[in-house]
Amino acid sequence: MTVANTDQEGKLRTSSQAAQDFGDDPLAVRETSHYQMEYVESFVDKWDALIDWDRRAKAEGEFFIEKLRDLGAKKVLDVATGTGFHSVMLLKAGFEVTSVDGNEEMLAKAFSNARDHGHMLRTIHADWRWLNRHVHDLYDAVICLGNSFTHLHKDNDRRKALAEFYATLRAEGTLVLDQRNYDALLDHDVEPTHNYYYCGQDVRAFPEHIDESLARFCYEFNDGAQFHLNMFPLRKAYVQRLMKEVGFQRVSTYGDFQETFREKEPDFFIHVAEKA
Ligand code: SAM
């Protein structure tokens, strides 16, 4: 199989890799480009079991569709396509969608999933840090969903990615970005055994390690297969501040799709950042 990796200049390199590789000291892996080594083919194949599409569609309802319609968005850039769930939902709802991901395995899976749903996906293979080298159009909305922004391990990478998202938006455009509620986890307000957001029934997702710069999660499938993701635990207030600092004028945050929520309760936060 082929795995794409990104060097310092942002050129996507490819290498062969069949299994996840965290080296001798998995807790030391805190590197942005490492997502390429984490979303290997065997994990990508299982990803749709992790996020059962029908159950997820029920859980999310029309939240993103309604939000985007309210904002008057028609042309949407999905920068964290993954296996294509949101791209396909938005295409079905009549939006014009372009689907970006830095991982080729994910894009290939998304393309075939969309075809199975009767849609032809328009895909762009690009790392967020150098997005505008590959995206040459302006969009009404950029979506970055499914706790994807957490893959950026350095403050500088997060600022760069947000600035790249900002640049692909038209003057009145909006960024919709979600994240796990890491505050609750970091502040020990939830048990590590807490039942997380993923909707697949054949998988157990749980944190194996948490500190201020690493959340390492284990994904354990019924057939015994185990995968890991090393992520950066984003605090809600920090993400809101970054969005303002790169130029977004207004940031509204929802907790599990609700406008009013108690800080500790939601599994996920959704930030809606408006450019004007
Ligand atoms: N949005 C999808 C969902 O909700 O099912 C996928 C979520 S998956 C957790 C994160 C996705 O972000 C992966 O497909 C990964 O390849 C992509 N990704 C992570 N870091 C990236 C980066 N720096 N540039 C481009 N894509 C990236």
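Bear in mind that the values here come from a model prediction, so they are computed numbers and not experimental data. In listed order, ligands and their atoms are each counted from 1.
- By the criterion of a heavy-atom distance under 4.0 Å, the side chain of Arg56, and not its backbone, is placed next to ligand 1.
- At a heavy-atom distance under 4.0 Å, no atom of Thr83 approaches ligand 1.
- In summary, the atoms of ligand 1 found under 4.0 Å from a heavy atom of Met106, numbered by their order in the structure, are 14 (O).
- In summary, Glu172 and Lys275 do not engage in a salt bridge, as defined by a charged side-chain N under 4.0 Å from a carboxylate O.
- Residue-ligand proximity: Ala126 is placed with a non-hydrogen atom under 4.0 Å from ligand 1.
- Judged by distance alone, the side chain of Lys160 and the main-chain N or O of Arg129 form a donor-acceptor pair under 3.5 Å.
- Counting heavy atoms under 4.0 Å from ligand 1, residue Asp127 touches it through both backbone and side chain.
- At least one donor-acceptor pair under 3.5 Å links the side chain of His125 to the backbone N or O of Gly102.
- Distances from ligand 1 to the non-hydrogen atoms of Thr81 include at least one value under 4.0 Å.
- The heavy atom nearest to atom 19 (C) of ligand 1, out of those in Trp53, Phe149, Trp130, Tyr35, is found in Tyr35.
- In summary, Lys58 and Asp54 do not engage in a salt bridge, as defined by a charged side-chain N under 4.0 Å from a carboxylate O.
- At least one heavy atom of Asp101 sits under 4.0 Å from some atom of ligand 1.
- Taking distance alone, with nitrogen or oxygen atoms compared against 3.5 Å, His86 stays at or beyond that limit from ligand 1.
- Not one N or O of Phe85 is nearer than 3.5 Å to an N or O of ligand 1, by distance alone.
- Using a cut-off of 4.0 Å between Lys/Arg side-chain N and Asp/Glu carboxylate O, Arg235 and Asp187 are scored as salt-bridged.
- Test Trp128, Phe232, Tyr39 against His151 for ring-ring contact (aromatic ring centres under 6.0 Å, His included) and you get one pass: Tyr39.
- Heavy-atom proximity to Gly146, at under 4.0 Å, picks out these atoms of ligand 1: 4 (O), 7 (C), 9 (C).
- Using a cut-off of 4.0 Å between Lys/Arg side-chain N and Asp/Glu carboxylate O, Glu62 and Lys67 are scored as not salt-bridged.
- Between Glu96 and Lys74, none of the side-chain N atoms (NZ, or NE/NH1/NH2) sits under 4.0 Å from a carboxylate O, so this pair counts as no salt bridge.
- Aromatic ring centroids of Phe63 and Phe257 lie under 6.0 Å apart.
- Under the 4.0 angstrom criterion for non-hydrogen atoms, Tyr39 is in contact with ligand 1.
- Between atom 7 (C) of ligand 1 and the options Gly82, Ser148, Ser99, the minimum heavy-atom separation is to Ser148.
- Residue Gly102 has at least one N or O atom closer than 3.5 Å to an N or O atom of ligand 1.
- Note on Asp267 versus Arg180: no salt bridge recorded, every NZ/NE/NH1/NH2 to OD/OE distance being 4.0 Å or above.
- Remark: ligand 1 and Ala80 share an N or O pair separated by less than 3.5 Å (distance only, no angle test).
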